[in-house]
Amino acid sequence: MESQCKEEPVLHIVVVGFHHKKGCQVEFSYPPIIPGAGHDSNTLPEEWKYLPFLALPDGAHNHQEDTVYFHLPPLDGQQKCVYGVSCYRQMEAKALKVREADITRETVQKSVCVLSQLPLFGLIQAKLQLITHAYFEEKDFSQISILKELYDHMNRSLSCTALEGSQIYLGLSARDLILHFKHKVLILFKLILLEKKILFYVTPVKRLVETLMTVLSLFPGIIEHGLADSSHYQPRRSISEDFSSPEIISADEESLSMYDVSDQPDQSKPCNTTLDTHYLQPHAGSLLDSECEWETLEPHVMDEMEGKVDVAHSNMFDTDSGLPITVQPQSATGQGMLTSGLISGLQEDQYGLPLAIFTKGYLCMPYMALQQHHLLSDISVRGFVAGATNILFRQQRHLSDAIVDVDEARIQIHDPELRKMLYLSTADLRFADYLVKHVTENKEDVFLDGTGWEGGDEWIRAQFGLYIHSLLSSALQQDHERLLADYGTAFTSAWKITHNYRVWISNKHLAMASITPGHPFQGQYSVADVKIRLSHSMQNSERGKKIGNAVMSTSRSVVQTGKAVGQSVGGALTVAKSAMSSWFSMLAQPTAAVSASPQSAD
């Protein structure tokens, strides 16, 4: 970090355009990317050969403007990950004051990029967007003085001190993330802790990269100091490159039997962790497995019910009581003091954070170009958190452990064993419910929305900070197995063999003595917990959605029938309410059975 502070934070200002014959190419760079070359040189080092395709995203012609965050590998052994921010725009060619001879298309598509040594994505994007707009308003792309001024201005205004303030999270709304994904945010959090292959999918790119980076912002110190090695890998020839025409399943096949599979995962199927020699041939079995419903009310989901429901404690975690279930994260004096990790090589605080997740071949690619597809099956890449807008990535499901459909807030888990690891425990559901409740309380108030501490962005990140601190503290205790059970036994068993856990546990972190071990929401099981799990399952499981739709359909039919036969609307609604109660009673019966016989839970 000290070397980065001494150097200029911005490395290059780059303009990427689309040529009608050559495709995406670098048209301008300042200073020149290749030392000694001209500003208009198209030549790129081998490590940055994907820069044009990252800066000018796939399908950009469908949007008037867009924003891309991307990572580039270092050009030498000393330099860390290079963080890229690109602002794309297009305009009609006839509007140009100076039209060059090679502009033959009706529209001109260009991106202005900033390549930086600091992960100040939102701050850079805010400045770059204004300059990009002014650059296009010139209507003469040979006017490059404004780009040189941008380079000088950013190197004067940006510094390492910005990493320690709230500016690092500019444009990353944790509130919007909770409102959209609700309790599934915790599932995404755990997926990354397990270092799985995770693919985010949505268009346009701006929404994609902001969602992905917002999830990462929930991990203490990850964006600030944990991405330095996130683009490091040893390029090797991928098996997928041996195929000149990969088999891609059609969009129609993608929708096969989404809701026609069993809610209960097939536990007899082993986890496929070996490399397949047919990487780009979709497995028939995975098409169904990836759509399996894994947020259900089946008995094996309720494995945390180790005792009978104590009605006397039914109000202990009642969300309607208004009492907070947890306390605010403990203050950490001197938390800003960073040292270089002996094993991870990252800048760590006194608690050993950030965790060494994005190291040793575990990549973070906020946006991934189609030309980088082979990295998903590269044997030197042990995992990734990547974002894509091309449907071809989504169709190659066997190359990812989980696909996150951002638009629909849906997480498709392929492996039944992984789904079992990610079932939220009772304490986890309390934690997620606590977050959602506080975020949604005043969301309709246009004046106060997001302005308070509780339910705000910083508050949400503080709660996840408390969660990870408590998890780590629990792992250090002699009775760690009992304490970690509240986080999910299957999850913690898998987490203990990950790279980030082994690196963290190999060092002593004396400050952890001040952290109270145990899940922040641990406690005796209550009737309120059944209510929470039922609510989550109704809102998020496919079976719950089916029942909900059926109830609504029944209600409408009863009302319409009542009107037709002359009954009052009130009487019809009474009948509809009775029908809804019958539906919910039927749904709650399996849960009651499990509650009465907790020893039968898987």
Side-chain angles (χ1 to χ4, degrees), residues 1-9 11 47-48 69-84 115-121 159-164 168 192-198 213 216-236 332 334-366 375 378-386 465 468-469 471-472 475-476 495-512:
M1 183 59 63
E2 292 181 359
S3 62
Q4 288 183 348
C5 287
K6 293 177 182 179
E7 299 175 2
E8 294 181 332
L11 300 174
E47 295 88 344
W48 289 3
Y69 301 160
F70 59 90
H71 292 168
L72 291 174
L75 295 180
D76 54 68
Q78 301 299 323
Q79 187 180 347
K80 300 296 183 180
C81 173
V82 175
Y83 309 98
L115 302 183
S116 171
Q117 298 188 77
L118 302 178
L120 299 170
F121 295 103
S159 67
C160 291
T161 56
L163 295 177
E164 309 304 326
I168 188 74
I192 297 176
L193 276 177
L194 293 178
E195 299 177 354
K196 296 301 180 179
K197 298 179 179 180
I198 310 165
M213 296 306 297
L216 296 187
S217 73
L218 302 179
F219 291 83
I222 280 288
I223 294 184
E224 297 94 321
H225 309 292
L227 299 177
D229 297 328
S230 64
S231 61
H232 288 51
Y233 62 91
Q234 296 296 326
R236 299 179 184 177
Q335 189 173 3
M337 299 176 60
L338 300 175
T339 58
S340 181
L342 298 177
I343 300 178
S344 68
L346 303 176
Q347 295 292 317
E348 299 177 355
D349 64 14
Q350 58 184 341
Y351 301 99
L353 299 176
L355 294 174
I357 297 175
F358 296 100
T359 58
K360 301 297 181 183
Y362 191 77
L363 306 183
C364 176
M365 296 173 283
L375 290 178
D378 194 301
I379 59 177
S380 67
V381 175
R382 63 184 180 90
F384 53 81
V385 177
I468 195 68
H469 280 87
L471 173 63
L472 294 171
L476 294 175
W495 175 58
K496 284 185 176 182
I497 63 175
T498 61
H499 175 74
N500 71 79
Y501 174 82
R502 288 181 291 164
V503 170
W504 185 86
I505 202 68
S506 63
N507 287 328
K508 291 184 178 181
H509 310 287
L510 300 180
M512 291 302 299

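Between Phe384 and Leu375, every side-chain heavy-atom pair lies at or beyond the 4.5 Å cut-off. Pro366 has its side chain within reach of His71: a pair of non-hydrogen atoms, C-beta onward, lies under 4.5 Å apart. Inter-residue side-chain proximity for Gln117 and Tyr83 is flagged as unmet; no heavy-atom pair is nearer than 4.5 Å. Leu75 places none of its side-chain heavy atoms less than 4.5 Å from the side chain of Val82. Between Ile222 and Phe358 there is a side-chain heavy-atom pair separated by less than 4.5 Å. Residues Gln347 and Ser340 have side chains in contact (heavy-atom distance under 4.5 Å, counting atoms from C-beta outward). Two residues are said to be in side-chain contact when any heavy atoms from C-beta on lie closer than 4.5 Å; Leu72 and Glu47 fail this criterion. In this structure, the side chains of Glu348 and Leu353 stay at 4.5 Å or more apart for every pair of heavy atoms.
Once rounded to the nearest 0.5 Å, the distance linking CG of Leu118 with SG of Cys160 reads 5.0 Å. Lys360 NZ to Ile343 CD1: the interatomic distance, rounded to the nearest 0.5 Å, is 10.0 Å. To the nearest 0.5 angstrom, Lys197 atom NZ is 10.5 Å from Leu363 atom CG.
Of all heavy-atom pairs between Leu163 and Glu224, the closest is O-CG, 3.2 Å. Of all heavy-atom pairs between Leu355 and Leu193, the closest is CD1-CD2, 3.7 Å. The minimum heavy-atom distance between Leu346 and Gly226, with the atom names listed, is CD1-CA, 4.1 Å. Closest heavy-atom contact between Pro220 and Ile468: CG-CG2, 3.6 Å. In plain terms, the two heavy atoms of Lys496 and Arg502 that are nearest each other are O-CG, 4.0 Å.
Below 30°, between 30° and 60°, or above 60°: for Trp504 and His509 the angle between ring planes is below 30°, a parallel geometry.
Ser116 pairs by the side chain to side chain donor-acceptor pair (under 3.5 Å) definition with nothing, not counting sequence neighbours. With sequence neighbours left out, Glu195 forms a side chain to side chain contact (heavy atoms under 4.5 Å, CB included) with Ile357, Tyr362, Arg382, Thr498, His499, Asn500. Taking the ring-ring contact (aromatic ring centres under 6.0 Å, His included) definition, one finds that Tyr69 meets it with Phe121, sequence neighbours left out.
Ser231 contributes no side-chain N or O that, together with a main-chain N or O of Cys81, makes up a donor-acceptor pair within less than 3.5 Å. With hydrogens and angles disregarded, a donor-acceptor distance shorter than 3.5 Å links the side chain of His469 to the backbone of Gly465.
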Next on the checklist: Applying side chain to side chain contact (heavy atoms under 4.5 Å, CB included) to Leu472 and Met512, what does each step give before you reach the verdict?
Outcome noted: CA-CA 8 Å; Leu472 294 171; Met512 291 302 299; 3.7 Å; yes
Item to check | Step-by-step side chain to side chain contact (heavy atoms under 4.5 Å, CB included) determination, Val385 to Met365 | outcome: CA-CA 6 Å; Val385 177; Met365 296 173 283; over 6 Å; no
